[in-house]
There are 2 protein chains.
Amino acid sequence: MTDRKRTTGRRTRGKATAPDAGERAFLETYDPGAFPRPSVAVDVAAMTTRDGDLHALLVRRGEHPHRGRWALAGGFVGIQESLDDAAARVLRTKAGLPGIFLEQLYTFGAPDRDPRTRILSVAYYALVDADRLRKACAATEGVVLARLRTSWKGEAGGPVEALDPEGMAMPLAFDHADILGMAVKRLRGKLDYSPVGFQLLPPLFTLRQLQDVHEAVLGRRLNKDSFRRSVVTKGLVAATGEMERDVPYRPAGLYRYAMPEDA
Amino acid sequence: MTDRKRTTGRRTRGKATAPDAGERAFLETYDPGAFPRPSVAVDVAAMTTRDGDLHALLVRRGEHPHRGRWALAGGFVGIQESLDDAAARVLRTKAGLPGIFLEQLYTFGAPDRDPRTRILSVAYYALVDADRLRKACAATEGVVLARLRTSWKGEAGGPVEALDPEGMAMPLAFDHADILGMAVKRLRGKLDYSPVGFQLLPPLFTLRQLQDVHEAVLGRRLNKDSFRRSVVTKGLVAATGEMERDVPYRPAGLYRYAMPEDA
DNA sequence: TGAATAGTGTCTATAAGACAATATCCC
DNA sequence: GGGATATTGTCTTATAGACACTATTCA
């Protein structure tokens with residue numbers, strides 16, 4: 001194992017300090033190519049809920065390695081590109097999805113996770129409403145929306161399976177079953193205390209739709225009365241006064257996401 | 001922005017699939033040096049609670065860049081070393097702390113975060129009991145335990161300040177104030193639903209000590225009765241029957257961490 | 001005995017689950 | 001009207017905060 005002088009980061013947030021004379025001299029003689037470096041990629045788990053289950057966008061690999069298997073949308077990080085920018089670019093260029101909610105998930109770095117060379121993957125998850133993600137998949141060859149099946153409950157964690165429309169397991173490339181598992185776990189955890197679930201719905205939605213989203217993510221049924229009460233009394237949603245239309249039953253009120261007062 | 005064929009990871013968990021003939025041929029011709037790559041480091045925020053506040057281990061930088069400032073323990077990731085292994089090695093070799101609870105936190109990748117070259121930092125946080133971390137700091141030159149002050153409440157997030165024993169702010173290197181802020185935020189979030197707080201205490205502890213740890217991490221006072229009830233009824237701790245000794249008041253019962261039944 | 005903290009019991013307020021009753025749409 | 005779902009109201013139960021009271025140690 002190598003161990004040498006540490007070298008990490010400059011202050012962000014505009015507080016970067018000007019290097020003094022000694023530091024300038026050091027930087028001029030610094031050789032960045034002195035040690036072997038891994039490649040760094042981003043992989044994006046773009047997810048939505050549909051028919052009561054979580055779904056994710058998968059891309060069929062047309063090239064080696066793992067040709068023919070299904071993978072998350074991914075790509076290398078440019079040498080002058082931030083990680084967030086790289087993830088947004090991948091989602092925009094590989095799936096035609098600009099302006100999507102994205103959050104960093106975890107960095108996968110097992111030395112043998114890619115057969116070519118050492119490649120780290122900084123994984124992101126993205127939340128998209130179902131209509132938009134369905135259209136994006138239909139518009140691009142080799143891109144599908146796969147149903148996810150978790151064999152574990154709650155936030156225990158573990159890999160997830162991707163299923164095609166016939167319910168057959170789709171072979172996943174690399175460690176992407178683990179990345180998807182981490183995404184589902186994170187999403188379940190976030191849903192309890194964070195308004196992240198609204199990213200999976202259109203701007204106006206009914207309380208039933210919101211509950212369906214929560215149930216799909218959590219993988220279990222929720223109490224209808226409690227769910228309604230908690231989401232309304234916490235002020236997470238606001239009634240718009242508008243109603244559903246063209247439904248074969250009593251139309252429900254339409255709500256919109258309401259940022260709680262502290263944010 | 002570059003955009004090229006994705007290349008991410010091989011399946012971990014022992015499910016790696018043998019490459020077929022076409023894939024073997026591809027791998028033999030793959031050139032891993034075709035594109036510029038960033039350096040990758042790990043930085044470890046080793047934390048404990050003491051005198052009612054969170055503290056973190058900091059190392060005084062003796063070399064450029066940011067010489068004289070205070071930094072987290074860090075180091076480059078070896079080309080064949082996993083990220084978890086690198087973090088554990090850094091904590092062991094730079095701070096003399098083997099066998100510590102470590103968890104990946106977030107990956108910091110702003111292009112200008114290090115003045116030398118593009119360096120990503122995969123940040124980890126470590127939880128140590130106060131005695132052990134204090135002894136480790138005393139044993140190594142240039143390593144101190146700094147009190148942390150958060151200017152934000154709850155899980156709002158943001159950078160944190162490190163204070164020396166006189167309460168003066170210590171200048172932090174790179175973006176390490178942000179990394180520490182993320183560590184505090186994560187720890188606060190975890191404490192609500194995860195038994196991670198026990199990592200900050202010796203194996204036997206009183207309920208008061210456990211509550212002190214929670215209050216130091218969360219930065220607010222908790223209700224004594226509710227805290228005791230919730231931690232006991234949830235089965236997170238088990239009474240040992242032993243008692244505190246040599247205290248100038250009624251000795252409290254000593255408890256130990258009890259893994260809940262589902263794990 | 002007094003100071004200090006541990007530990008117990010009880011009351012109350014709040015939130016969650018269960019369930020019944022009523023309202024409103026389309027057919 | 002009948003079927004389906006929305007919406008409201010009430011009862012019950014679990015949990016958290018508040019607070020009073022007793023217990024045990026050392027000085």
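Below, chain A is the first sequence line, B the second, and so on; all start at residue 1.
For R208(A) and dT8(D), the CZ to C1' distance is 16 Å, given to the nearest whole Å. Here dT5(C) presents its P atom at 18 Å from CE of M243(B), a figure rounded to the nearest Å. The distance from atom CZ of R221(A) to atom P of dA16(C) is 19 Å, rounded to the nearest whole Å. Going from atom NZ of K224(B) over to atom P of dT5(C) covers 10 Å, rounded to whole Å. In this structure, E244(B) places its CD atom 8 Å from P of dG7(C), rounding to the nearest Å. In this entry the distance linking CD of Q211(B) with P of dG17(D) reads 11 Å, nearest Å. Rounded to whole angstrom, the span from the CZ atom of F227(A) across to the P atom of dA18(C) amounts to 16 Å. Note: CD (Q209(A)) to C1' (dA6(D)) measures 13 Å, nearest angstrom.
Checked against the 6.0 Å centroid threshold, F205(B) and Y257(B) do not count as a close aromatic pair.
For the pair E103(B) and K190(B), the salt-bridge criterion is met [side-chain N within less than 4.0 Å of a carboxylate O]. Taking a cutoff of 4.0 Å between a charged side-chain nitrogen and a carboxylate oxygen, R132(B) and D129(B) do not qualify as a salt bridge. For R228(A) and D225(A), the salt-bridge test fails: no basic side-chain N is under 4.0 Å from an acidic carboxylate O. Between K185(A) and E155(A) there is no salt bridge, since none of the side-chain N atoms of the basic residue sits less than 4.0 Å from a carboxylate O of the acidic one.
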Under 3.5 Å, N/O pairs linking protein and nucleotides 19-21 of chain D:
from    : atom 1 : to      : atom 2 : distance (Å)
dC19(D) : N4     : D225(B) : OD1    : 3.1
dC19(D) : N4     : D225(B) : OD2    : 2.5

I'd like a list of close polar pairs between nucleotides 1-4 of chain C and the protein, N/O only, cut-off under 3.5 Å.
none

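Taking the side chain of R228(A) as heavy atoms from C-beta on, and the options dA6(C), dT8(D), dG17(C), the nearest nucleotide is dT8(D). Side-chain proximity of A252(A) to dA6(C), dA18(D), dA6(D): nearest is dA6(D). Candidate nucleotides dA6(C), dG17(C), dG17(D) were compared by shortest atom distance to the side chain of N223(A), and dG17(C) ranks first. Side chain of R229(A), nearest nucleotide from dG17(C), dA6(C), dT24(D): dG17(C).
At the heavy-atom level, S230(A) lies under 4.0 Å from the strands shown only through sugar-phosphate atoms.
Of the listed residues (L57(B), V59(B), V144(B), L97(B)), just one forms a side chain to side chain contact (heavy atoms under 4.5 Å, CB included) with C137(B), and that residue is L57(B). In summary, of the residues considered (H214(A), Q209(A), E215(A)), a side-chain hydrogen bond (donor to acceptor under 3.5 Å, both in side chains) with Q211(A) occurs for E215(A) alone.
Residue R147(A) holds its CZ atom at 8.5 Å from CG of D51(A), rounded to the nearest 0.5 Å.
Nearest-nucleotide positions on DNA chain C place S226(A) closer to the 5' end than the other of S226(A) and P251(A).
Considering only heavy atoms from C-beta on, L187(B) comes within 4.5 Å of L127(B) through its side chain.
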